[in-house]
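I have placed the structure first, in the form of structure tokens, so that the comments after it can refer back to it.
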Amino acid sequence: MAKTLTSEIKLTVELDENRVPEKIKWTAQDGGVNEEEAKAMLLSIWDSKVQETLRIDLWTKDMPVDEMKVFFHQTLVAMADTFHRATEDEKMTATMRDFCDYFAEKMELKK
């Protein structure tokens with residue numbers, strides 16, 4: 001019988017009195033991350049029983065809008081890359097990457 005391993009990723013969110021995130025910290029000891037601060041996070045989990053995506057989208061109240069635009073662009077690019085690795089669907093991956101370029105252009109992120 002093969003030995004199973006467990007890896008833990010921990011998220012800690014500090015809230016103000018109105019339950020608005022002030023600090024987000026994360027730990028992933030297997031990745032060498034310990035109590036690192038983040039300004040935003042997007043977490044998606046697939047529930048195969050109900051065929052539905054569960055989400056947690058959080059950002060701190062001091063997350064600058066210009067950084068949020070870059071964060072979204074980089075997340076969209078990563079999603080296109082992940083989609084390609086998961087499906088090998090070249091045509092849709094190209095379409096997703098085209099949208100990422102369009103998004104960057106409209107958000108004036110291209111240099």
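All of these numbers come straight from a predicted model, not from anything done at the bench. Computed over heavy atoms, backbone and side chain alike; hydrogens, waters and symmetry mates excluded.
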message: Among residues at least two apart in sequence or on other chains, which ones pass side-chain hydrogen bond (donor to acceptor under 3.5 Å, both in side chains) with S7?
response: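 Partners of S7 by the side-chain hydrogen bond (donor to acceptor under 3.5 Å, both in side chains) criterion, ordered by chain and then number, come out as D30.
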task: Please identify each residue that fulfils side-chain hydrogen bond (donor to acceptor under 3.5 Å, both in side chains) with D66, with sequence neighbours left out.
output: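 With sequence neighbours excluded, D66 shows a side-chain hydrogen bond (donor to acceptor under 3.5 Å, both in side chains) to no residue whatsoever.
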task: Just grab all the salt bridge (charged side-chain N to carboxylate O under 4.0 Å, His left out) pairs involving residues 49-63, residues at least two apart or on different chains.
output: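 Found D16-K61, E22-K61, K39-D62, R55-D57.
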Does the side chain of [X] reach to within under 4.5 Å of the side chain of [Y], using non-hydrogen atoms?
X   : Y   : result
L54 : D47 : yes
W59 : M68 : yes
L42 : T75 : yes

message: With side chain to side chain donor-acceptor pair (under 3.5 Å) as the rule and sequence neighbours excluded, what pairs involving residues 87-96 come up?
response: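 The answer is H84-E90.
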About how many Å separate [atom2] of [Y] and [atom1] of [X], when rounded to the nearest 0.5 Å?
X   : Y   : atom1 : atom2 : value
F72 : E67 : CZ    : CD    : 13.5 Å
E35 : T12 : CD    : OG1   : 5.5 Å
K23 : T60 : NZ    : OG1   : 10.5 Å

Side chain to side chain contact (heavy atoms under 4.5 Å, CB included) partners of [X], counting only residues at least two apart:
X   : answer
E8  : none
A78 : none
I56 : M41, L43, L58
Q74 : V70

field: Over 12 foreign heavy atoms within 6.0 Å of CD, E108
entry: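 Result for CD/E108: open.
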message: Please check if the number of heavy atoms outside I9 that lie under 6.0 Å from its CD1 is greater than 12.
response: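 Count not over threshold, so no.
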Got a list of side-chain donor-acceptor pairs under 3.5 Å for residues 100-107, not counting sequence neighbours?
{"from": "D101", "atom 1": "OD1", "to": "K110", "atom 2": "NZ", "distance (Å)": "3.4"}

message: I'd like to know if V20 and I24 are part of one continuous hydrophobic network [Ile/Leu/Val/Met/Phe/Trp/Tyr, side-chain heavy atoms within less than 4.5 Å].
response: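 The answer is no; the residues belong to distinct hydrophobic clusters.
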query: When clusters are formed by joining ILVMFWY residues with side-chain heavy atoms under 4.5 Å apart, either directly or through shared neighbours, do V77 and F71 land in the same one?
result: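 They do not share one cluster, since no chain of ILVMFWY contacts under 4.5 Å joins V77 to F71.
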task: For D98, check salt bridge (charged side-chain N to carboxylate O under 4.0 Å, His left out) against everything at least two apart and list the hits.
output: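 Applying salt bridge (charged side-chain N to carboxylate O under 4.0 Å, His left out) to D98 gives none.
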- request: Considering only Ile, Leu, Val, Met, Phe, Trp and Tyr, and joining two whenever side-chain heavy atoms are under 4.5 Å apart, list the other residues clustered with M92.
  value: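 Answer for M92: F83, M96.
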Shortest non-hydrogen contact from V33 toward E36: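 Distance-wise, the nearest heavy atoms are CG1-CG, 3.4 Å.
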